[in-house]
Amino acid sequence: MDVQPAPAPLLIACALGIEHLALRTGDRGGAGGPVAFLRTGMGPRAAERSVTGRLAGPALTGAAVVATGFCAGLAPGMHPGDLVVAEETRDPHGAVPCVRTDLLVKELARLLPGRTVHTGPLTGSDHVVRGPERSDLLATGAIAVDMESAATLLSAVRTGERPVAAVRVVVDAPEHELVRIGTVRGGITAFRVLRSILPAFFEWHRSLLLPRR
């Protein structure tokens, strides 16, 4: 009798404690294989160090990786609670294309009807982006910015060939800047949205385990 190999696991990485709380308390049913969660800490260096270390172990050999959490929207008209599905992540160290973004967009629209899903490049920064700096980043073609996604995916693919994706929830935007996450309505909205999106990651992961026609 042929023994089927175990399905490759899924690693879901976020930076902040509040993001990790949202994911831990979200709907974790329906996973198509082993799932691990990683809180990397804030900033690109912390993300690089945490992701590289976690993927070095045999338990996550070949794991698919999703970077998630909150982000800053760059385009006028974005609102807290909007979703960003990255077509690629980029920072000064390189760009990483994301896999099966079409499926993620479809699943997020199904899970959260009425929520706007934006697609495009997600850029990385080593600091919190405020004010006029948003316009400079928007001019590069990016639609959103965060501090960890680019470092997370670049570190992931450097450890070995694997599918990667980045999905972020807008917590502030040009017309809706926040001082602290969770202290105003926009932050609470983003937290609730983040709690709701795990099934989309699981469906994305399950699609990777199926033979392509």
Side-chain angles (χ1 to χ4, degrees), residues 5-16 19-20 23 26 31-71 83-108 117-126 141-170 194 197-212:
L10 170 65
L11 178 65
I12 300 173
C14 64
L16 304 178
E19 296 167 339
H20 194 245
L23 295 167
V35 179
F37 293 85
L38 174 65
R39 179 185 170 189
T40 65
M42 188 174 178
R45 289 185 179 180
E48 179 183 3
R49 182 170 58 250
S50 296
V51 172
T52 301
R54 189 66 179 273
L55 291 176
L60 291 177
T61 299
V65 174
V66 173
T68 193
F70 302 130
C71 70
L83 291 145
V84 172
V85 176
E87 294 177 342
E88 68 172 17
T89 58
R90 53 168 76 154
D91 69 8
H93 302 288
V96 178
C98 296
V99 174
R100 294 300 313 272
T101 56
D102 56 333
L103 177 63
L104 284 167
V105 170
K106 177 183 175 182
E107 286 301 308
L108 291 168
V117 183
H118 306 270
T119 60
L122 175 62
T123 195
S125 174
D126 61 2
I143 63 168
V145 57
D146 73 82
M147 296 175 65
E148 297 84 24
S149 291
T152 292
L153 298 198
L154 188 58
S155 299
V157 298
R158 282 177 171 172
T159 65
E161 186 176 350
R162 65 183 76 249
V164 294
V167 177
R168 291 275 174 169
V169 181
V170 174
L194 186 58
I197 63 178
L198 281 176
F201 299 163
F202 298 155
E203 185 61 31
W204 175 81
H205 183 222
R206 191 160 32 243
S207 78
L208 301 173
L209 305 177
L210 298 174
R212 301 301 296 272

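Here the shortest heavy-atom pairing between Val84 and Ile143 reads CG1-CD1, 3.9 Å. The two atoms that bring Phe37 and Leu23 nearest to each other are CE2-CB, 4.1 Å, heavy atoms only. The nearest pair of heavy atoms linking Pro97 to Val164 is O-CG2, 3.7 Å. Heavy-atom minimum distance, Thr40 versus Ala15: OG1-CA, 3.5 Å. Closest heavy-atom contact between Ala156 and Val51: N-CG1, 4.1 Å. The two atoms that bring Pro163 and Val99 nearest to each other are CA-CG2, 4.1 Å, heavy atoms only.
Salt bridge status for Glu107 with Arg100: absent, with no side-chain N to carboxylate O gap under 4.0 Å. At a threshold of 4.0 Å, the pair Glu48-Arg45 does not count as salt-bridged, since none of the basic side-chain nitrogens sits closer than that to a carboxylate oxygen.
For the atom pair CZ of Arg54 and OG of Ser155, the computed distance is 14.5 Å after rounding to the nearest 0.5 Å. Of the inter-residue distances, the one linking Cys98 atom SG with Leu104 atom CG reads 8.5 Å to the nearest 0.5 angstrom. To the nearest 0.5 Å, the span separating CE on Met147 from OG1 on Thr152 amounts to 11.5 Å. Note that CG of Asp146 and SG of Cys14 are 11.5 Å apart. Values are rounded to the nearest 0.5 Å. Interatomic distance, Asp126 CG to Asp91 CG, rounded to the nearest 0.5 Å: 9.5 Å. Summarising the geometry, atom CD belonging to Glu88 is positioned 11.0 Å from atom OG1 belonging to Thr101; distances are rounded to the nearest 0.5 Å.
Remark: side-chain polar atoms of His205 are paired, donor with acceptor, to backbone N or O of Ala8 under 3.5 angstrom. Looking only at distances, no side-chain donor or acceptor of Glu148 sits under 3.5 Å from a matching main-chain atom of Pro44. Between the side chain of Arg168 and the backbone N or O of Thr68 there is at least one donor-acceptor pair closer than 3.5 Å.
Using a 4.5 Å heavy-atom cutoff, the side chains of Val145 and Cys71 are not in contact. With a 4.5 Å cut-off on side-chain heavy atoms, Leu16 and Met42 count as touching.
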I would like to know whether Ile12 and Leu38 meet side chain to side chain contact (heavy atoms under 4.5 Å, CB included); could you show each step before the answer?
CA-CA 6 Å; Ile12 300 173; Leu38 174 65; over 6 Å; no
Given side chain to side chain contact (heavy atoms under 4.5 Å, CB included), test Val65 with Leu153 step by step and report yes or no.
CA-CA 7 Å; Val65 174; Leu153 298 198; 4.2 Å; yes
